[in-house]
2 protein chains.
Amino acid sequence: MGKTVGILGGMGPLATVDLFAKIVQCTPAAVDQDHLRIIVDNNPQIPPRVEAIIQGAESPLPSMARSARLLEGAGADFIVMPCNTAHYWIGELRQAVKVPVLDMIEAAAAYIARRRDAAAGPTLLLATAATIRTGLYQKAFAVRNLTLVTPNGAEQKVLDAAVRQVKAGAVADNPYLGELNAMVDRFAAGGTQAMLAGCTEVPLLFPFLGGPEKYDATAILAQAAVETALA
Amino acid sequence: MGKTVGILGGMGPLATVDLFAKIVQCTPAAVDQDHLRIIVDNNPQIPPRVEAIIQGAESPLPSMARSARLLEGAGADFIVMPCNTAHYWIGELRQAVKVPVLDMIEAAAAYIARRRDAAAGPTLLLATAATIRTGLYQKAFAVRNLTLVTPNGAEQKVLDAAVRQVKAGAVADNPYLGELNAMVDRFAAGGTQAMLAGCTEVPLLFPFLGGPEKYDATAILAQAAVETALA
């Protein structure tokens with residue numbers, strides 16, 4: 001039967017669908033009843049994370065905590081959160097509930113550390129400027145002797161704009177796919193052999209991107225959720 | 001901001017992901033905060049609907065009612081249910097909660113009635129044998145002077161098996177795609193100009209099927225949910 005998964009979602013909605021789908025797809029199941037119970041609070045009214053970090057706008061933490069408590073009250077045994085930037089508040093969020101909150105950033109760094117030799121070269125981090133500013137990925141990689149590289153200033157602006165377009169519904173028709181491909185090709189040409197979607201909107205664009213080997217923090221979190229639920 | 005949507009899901013999980021995705025995709029939104037709040041109870045432990053109808057096995061109604069009350073308690077302003085067969089119990093389910101439960105079968109029949117002239121010929125219903133046995137679609141079509149046709153006995157067995165395979169995760173690799181295509185081609189050759197996915201697993205197979213014009217009850221329900229939420 002497994003534990004009940006709580007998805008603290010809405011940041012953004014398509015990324016929430018993506019995590020939900022990936023959990024279902026990686027659950028070993030022959031009939032409906034083999035699948036996990038998953039409660040989703042897709043709460044897009046949580047204040048924007050990027051603006052809170054970059055501009056000091058309203059903190060999303062109180063809304064995140066209310067969603068987490070709603071999930072806990074509805075029966076979630078643990079919580080996952082498909083938004084890398086929101087992990088800036090994970091310490092305080094964990095204090096708001098009694099159930100565990102899995103850490104996508106730690107899970108992604110640990111996954112890459114298990115699969116890549118530290119000598120294999122840097123990983124290109126595709127995350128929002130706000131996530132990069134928090135230093136969460138840099139720290140999680142550094143403690144594992146893994147190297148991260150990030151887009152240059154102009155490329156990061158393109159990536160942030162592409163993420164906003166996904167939040168508005170533009171995936172296959174995202175207007176920044178050409179510029180993103182130019183960026184990942186530039187890194188590949190420079191020897192970067194891996195890239196990590198460290199923003200939950202980014203893996204939605206992976207089918208349309210070339211570049212180095214792709215790692216997807218959302219898929220890694222989905223796998224961690226299934227393992228936690230079935231443990 | 002809109003009303004909060006409750007999805008009584010898990011019947012099956014991929015169909016639940018599909019409805020959730022379709023609601024997000026048809027919501028007019030430029031940023032996360034324009035999207036709808038959606039609470040999902042993906043509860044795959046609800047007893048199987050087909051077996052309850054065909055074999056008189058355990059009724060899913062008590063579990064469905066608990067999920068509906070959970071959604072209502074969590075703040076859902078109305079409920080949608082991505083399982084056509086489960087609509088057999090919609091009358092009793094509606095008595096279990098104070099909030100409205102939208103009717104996917106009525107919504108689909110009304111949608112097709114608005115778009116197709118009654119003289120345009122029959123619609124092929126792709127539903128489980130259990131849904132067909134309930135007569136829900138036949139009744140919803142008959143009151144609108146629309147004609148339905150259904151697969152023959154052997155074809156229906158293939159369709160039911162294909163649906164079970166989707167519930168086990170087989171979509172692009174569904175082993176029944178060839179036989180399903182032979183069936184829809186047979187109906188198309190016989191003059192059937194429309195087919196309706198009246199089982200929420202079926203639209204997941206639509207990208208791999210030819211045949212007559214496709215109508216998708218899940219997509220119609222998603223549109224109805226967005227209209228209800230924004231009304």
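Proteins get letters first, then strands, A, B, ... in listed order; numbering begins at 1 in each.
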Options [options], ranked by heavy-atom pairs under 4.5 Å with chain B, top entry:
options                            : result
A:Ala74, A:Gly169, A:Gly75         : A:Ala74
A:Val5, A:Leu71, A:Asp41           : A:Asp41
A:Ile39, A:Val31, A:Thr27, A:Ile38 : A:Ile38

Notebook entry, point to check: Can B:Val24 and B:His35 be said to form a side-chain contact (heavy atoms from CB on, under 4.5 Å), step by step?
Noted result: CA-CA 7 Å; B:Val24 172; B:His35 276 278; 3.6 Å; yes

Item checked: Best-contacting candidate, B:Leu70, B:Val17, B:Leu14, against chain A by heavy atom pairs under 4.5 angstrom -> B:Val17

Checklist line | Contact winner vs chain A - B:Val171, B:Asp18, B:Leu36, heavy-atom pairs under 4.5 Å | finding: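 With the most close heavy-atom pairs to chain A, the winner is B:Leu36.
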
Notebook entry, point to check: Can you find a side-chain donor-acceptor pair between A:Asn152 and A:Gln156 that sits under 3.5 Å?
Noted result: no

Item checked: Between A:Thr200 and A:Thr218, a side-chain donor and acceptor under 3.5 Å -> no

Notebook entry, point to check: In terms of ring plane angle, is the pair B:Phe20 and A:Phe20 parallel, tilted or perpendicular, where the classes change at 30° and 60°?
Noted result: tilted

Next item on the list: Tell me, with the steps shown, if B:Leu126 and B:Leu196 meet side-chain contact (heavy atoms from CB on, under 4.5 Å).
Entry: CA-CA 6 Å; B:Leu126 301 177; B:Leu196 169 64; over 6 Å; no

Under 4.5 Å heavy-atom distance to chain B, tell me which part of [X] shows up: side chain, backbone, both or neither.
X       : value
A:Pro48 : both
A:Arg69 : neither
A:Ile46 : backbone

Notebook entry, point to check: Salt-bridged, A:Lys167 to A:Glu201, with N to O below 4.0 Å?
Noted result: yes

Item checked: A:Leu124 vs A:Pro151 side-chain heavy atoms within contact, under 4.5 Å ->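 Side chain of A:Leu124 against side chain of A:Pro151, heavy atoms only: contact under 4.5 Å found.
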
Check: For B:Thr16, is it the side chain, the backbone, both, or neither that has a heavy atom closer than 4.5 Å to a heavy atom of chain A?
Finding: both

